[in-house]
Amino acid sequence: MAEARAPRPLGKGDLLYLVDGSGFIFRAYFQAANRDAKYNFRSDGTPTGAVNMFCAMLHSEMGLASSRGPTHFAVIFDHSSESFRNALYPAYKANRTEPPEDLRPQFALIREATRAFGLPCIEMQGYEADDLIATYATQAAAAGAAVTILSSDKDLMQLVSPAVHLRDPMKKVDIGPEEVAAKFGVAPERVVDVQALAGDSVDNIPGAPGIGVKTAAQLIGEYGDLDTLLARAGEIRQPKRRQTLIEKADQIRLSRELVTLKRDVPVETGLEAMSLEKPDPEALLGFLAEMEFRTLTSRIAETLGAEPPAVVPRAEAAGGSGAAGASSPPGAGHAALGGAPGARIDLPDLEAAVHEVVRDPGTLEAWIAEAREAGRLCIDLETTSLDEMVAEIVGIALSVVPGRAAYVPVGHTTGEGDLLGASERVEGQLALEDALARLGPLLADPSILKIGQNLKYDMKVLARHGLAVAPIDDTMLISYALDSGRGGHGMDELSERHLGHKPIPIKELIGSGKSAITFDRVEIDKAAGYAAEDAEVTLRLWHVLRPRLAAERVSTVYHTLERPLVPVLAEMERAGIRIDRDELARQSTRFAQKMAEYEDEIHKLAGRSFNVGSPKQLGEILFDEQGLPGGKKGKAGAWGTGADVLESLAAQGHELPARVLDWRQLSKLRSTYTDALPTHVNAETGRVHTSFSLAATSTGRLASTDPNLQNIPVRTEEGRGIRRAFVAEPGNLILSLDYSQIELRILAHVAGIDALKAAFREGQDIHAMTASEVFGVPVEGMDPMVRRQAKAINFGVIYGISAFGLANNLRIPQGEAKAFIDAYFERFPGIRDYMEATKATARENGYVETLFGRRIHTPGIAQKGPGRGFAERAAINAPIQGSAADVIRRAMIRIPEALAAAKLSGRMLLQVHDELLFEVPEAEAADTVAVVRRVMEEAAEPAVKLDVPLVVDAGQGASWAEAH
DNA sequence: GTTATCACG
DNA sequence: GACGTACGTGATAACA
């Protein structure tokens, strides 16, 4: 129950937000149009996009979740286009245009929305919103309160004072007296004088012809104020200006009257009525649900701690029939959707989609026929596990046209499984094998496009049933090609970003954490609503995203680097890699013994027992109790105990940190590798099957998960032992082929550094050569330390070098690091040029590109503050890391066919950024190396002809340790 | 769920 | 002149 509003007078310590409602409306409208105009309608056709954005903006500005938000809040609107100013000057705002057609019906709804939020909604005949804002701001400031006006209208800048600030709701910048002075060149009190002189073409204020803001500010600065200026106009040197000011004095005074806001409007609503209260959930959520804002309804229900009401699409409610089970398409659109793939079409309302549960072969065949007719099909499997190697199919969601989707349940069981696990198959489902037998030919049909979100998952599950899926289009990968760097590419995120719709969270069906159930135990009707929505949303995303590929010139990236990799990775992942569990168990035991010894020693050194694995406790021991030097607390107030800190303490001769480092290394190896890897062995295949994410990184690299096989230890002897457990089947060998220095080679190419290119062509030691050039020492008999430093510089360059970073890495003073960098740039000025050029590109375009055209967006490069340096270094690194990633992708795509053409039976197992791992029959090892090496070294061609050779090193053995 | 740490290229 | 920084990832344990 909402409490009755208690009027609370406003005074010192209070903060009043005054929203320029009319400005907000236009912002909301264009924001919505920008998002995706197609979805800005309620199911009955009422345009609601601006209402939706307006509500979202209000919600965020009210700051209900925060305690530092406003105490008072009001939204002010223009009553009509006429005001007292028209009496003064009939042409006032005469050249304003009519609001857009689809915005006009939203004005009333927006006022309704404001009231639903429980906010005063204020307007007055004869006055503009700005006058009311001026009046309230003046009153509030006089009462000692602070005021923030939410508007981007520069006419309001005259109101700014220490107590009254202006804030642009989109740009989120706060405008105080200093910012006004920066913009107008005068203090806020004199802004009207400047405006009076400069005039305003938007509002049709005449002003002084030939005088703009710059000149006006200069004149006011010189003479103090407008009256003085006009009185002493005769003194002005420039004849033309003098004449204008004398002749147009009346017009200028009139202009000032027009731009000066009225601060004494006889307002009816008092400030006390603006005290901000929590909205009445019933009224607000009711309104939002009526508008059919599903995402906003649930989000706001969450802030209010209330139950979100059901959102029932009007069209459907009016039609009277339930959604599920209806088999005829809604009147909208089927005919309109027959266009070519990716053609621009009008999508029917998402909230009104029809979800059909398919329980008999005939209905499934009807859907299959429809897909054949359309030439495409969106598919999404529901299964019992995220692990494709064990997942059982529970249901299949299909969609052919937006607006309709089907769910074919095949493996649902009774949810009431008791502790004995007794759960029975639910009646009324097609048999899995029957459904797959019918769908199989469709999925393999080369004339039918299969659309999905992360189809690699579905393809792997289907492959276990002997089904192939081709050709495909993957919305996740389309998004990745288009928008890498702009956010994630998961379906829920894409739906919110592009469709303005929040799909049903899986949590609502299966719960989360320990109490989560498997999908087969979800009721069929619930599952259908969820699954059908996913398939339909995916198809809608395809309609929205696919045309952008060509329009934004990233089709080639998608078609040559993303899509063809899907079947290749699916096969690698399905192959898996054999691990020697006994070897890992032996190592684990050895590590455990060693750790126990270290632990005893550590506790003795500390003088008491504690959890060595707790950085917090360790920090207290080292820095509070033992008082060791060099302690630094992080932002959380905890002592830093990272390896770098402990190493420097150990280097000073302290034993405790040295032992902790030893302990930590073993702890890491044991928990992450020797103990965790065996749990990932698949019961059926006896091998470990990682999953490669295609769209996880911003640069085009893959990422390996569950388990991550791209970070198996190699740098230390102890760690390298883990690789002995990655073994080939008897009679086979592990092959490892890796690109030598690929990122530096790409740098030499893109930056066009002749000396580096030549060094690579001649096969020189690139770090030694760098050292020789930078430090002026001969390569022969070089001090290994000097080479190490040059190596660090080379890596630094790839990362967007900074003196701080290099100093940290080499543990040298920052000044020395800077001298190194200066010397380096002195010798290789082209590198600095390249870095500057890359930053400039990123600033101009908002993205950088790899050699193969992959785009990596760099939002954040424009911002000020510490974030920018970050974004700049990422922008420098991205084309280099990304081009290398593209090269190995191209190689991977070609390798299966190259092996097949050479009649070689070896399998590709893993990719580790610049390395590929294979398992091959012993007899084929030499030939396989030859074929793969050739493909890898030529991978850039013919798209790009590198000025430097790519060189691939190869190794082989019974295990990864031997092959590397 | 977030943070600190550490494994890889 | 100060600020805060090497690029890109994922898994684990501790802690809240």
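Order of the sequence lines sets the chain letters (A, B, ...), proteins ahead of strands, with each chain counted from 1. Only a predicted model underlies this, so the values are computations on that prediction, with no experimental measurement involved.
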Original post:
Any side-chain N or O of A:R873 under 4.0 Å from OP1/OP2 of C:dC7?
Top reply: yes
Original post:
A:F795 has an atom CZ; how far is it from atom P of C:dG8, in whole Å?
Top reply: 16 Å
**OP:** Check every strand shown and say whether A:I876 touches a base, only sugar-phosphate, or nothing at a heavy-atom separation below 4.0 Å.
**Re:** nothing
Original post:
Which whole number of Å gives the distance between the P atom of B:dA7 and that of C:dC3?
Top reply: 32 Å
Original post:
Distance from A:R889 atom CZ to A:Q911 atom CD, nearest 0.5 Å?
Top reply: 8.5 Å
**OP:** Send over the distance from A:D644 CG to B:dA4 P, rounded to a whole Å.
**Re:** 13 Å
Original post:
Tell me: CG of A:N794 to C1' of C:dC7, nearest whole Å?
Top reply: 15 Å
Original post:
Nearest to the side chain of A:I801 - B:dA7, B:dG9, C:dA6?
Top reply: C:dA6
Original post:
Taking the six-membered ring where the residue is Trp, are the ring centres of A:W663 and A:Y598 under 6.0 Å apart?
Top reply: no
Original post:
Please give, in whole Å, the distance from B:dT5 P to A:L661 CG?
Top reply: 12 Å
**OP:** If a protein heavy atom is under 4.0 Å from the base, mark B; if only from the sugar-phosphate, S; if neither, -; do that for nucleotides 9-16 of chain C going 5' to 3'.
**Re:** SBBSSSSS
**OP:** Would you please indicate yes or no on a ring centroid separation below 6.0 angstrom for A:F828 and A:Y824?
**Re:** yes
**OP:** Round to the nearest Å and state the distance from A:L669 atom CG to B:dC8 atom C1'.
**Re:** 12 Å
Original post:
Using Watson-Crick pairs (N1 to N3, plus N6-O4 or O6-N4) and G-U wobble pairs, both distances under 3.5 Å, which stems of at least 3 pairs involve DNA chain C?
Top reply: B:1-9 with C:7-15
Original post:
Under 6.0 Å from the six-membered ring centre of A:F591 and within 45° of its axis: does the NZ or CZ of A:R670 meet both?
Top reply: no
**OP:** Determine the contact category for A:G642: base if any of its heavy atoms lies under 4.0 Å from a base atom, sugar-phosphate if only primed atoms, P, OP1 or OP2 are that close, otherwise nothing.
**Re:** sugar-phosphate
Original post:
Got more than 12 heavy atoms from elsewhere within 6.0 Å of CD, A:E178?
Top reply: no
Original post:
What nucleic acid atoms does A:R715 come within less than 4.0 Å of, heavy atoms only: base, sugar-phosphate, or nothing?
Top reply: base
Original post:
Separation of A:I880 atom CD1 from C:dA6 atom P, in whole Å?
Top reply: 18 Å
Original post:
When you compare B:dC8 with C:dG4, how far apart are their P atoms, in angstrom units rounded to a whole number?
Top reply: 31 Å
Original post:
With a 4.0 Å cut-off on heavy atoms, is A:F804 in touch with a base, just the backbone sugar-phosphate, or nothing at all?
Top reply: base
**OP:** Answer with base, sugar-phosphate or nothing: what part of the nucleic acid does A:N809 contact at a heavy-atom distance below 4.0 Å?
**Re:** base
Original post:
For A:H913 and C:dC7, what is the distance between atoms NE2 and P respectively, to the nearest whole Å?
Top reply: 16 Å
Subject >> Atom pair NE2 (A:H680) and CG (A:D387), whose distance is rounded to the nearest 0.5 Å >> reply: 9.5 Å
Original post:
Is the count of non-hydrogen atoms from other residues, nucleotides or ligands lying under 6.0 Å from A:E816 atom CD greater than 12?
Top reply: yes
Original post:
Looking for any heavy atom pair under 4.0 Å, which part of the strands does A:A875 touch: base, sugar-phosphate only, or nothing?
Top reply: nothing
Original post:
Between A:R664 and A:T641, does any side-chain donor sit less than 3.5 Å from a side-chain acceptor?
Top reply: yes
**OP:** Keeping the roles fixed (side chain from A:H489, backbone from A:A481), state whether a donor-acceptor pair exists under 3.5 Å.
**Re:** no
**OP:** With heavy atoms under 4.0 Å as the rule, sort A:I798 into base, sugar-phosphate or nothing.
**Re:** nothing
Original post:
Looking only at side chains, do A:E583 and A:Q587 share a donor and an acceptor under 3.5 Å apart?
Top reply: yes
Original post:
Roughly how many Å is it from CD in A:Q665 to P in B:dA7, rounded to a whole number?
Top reply: 6 Å
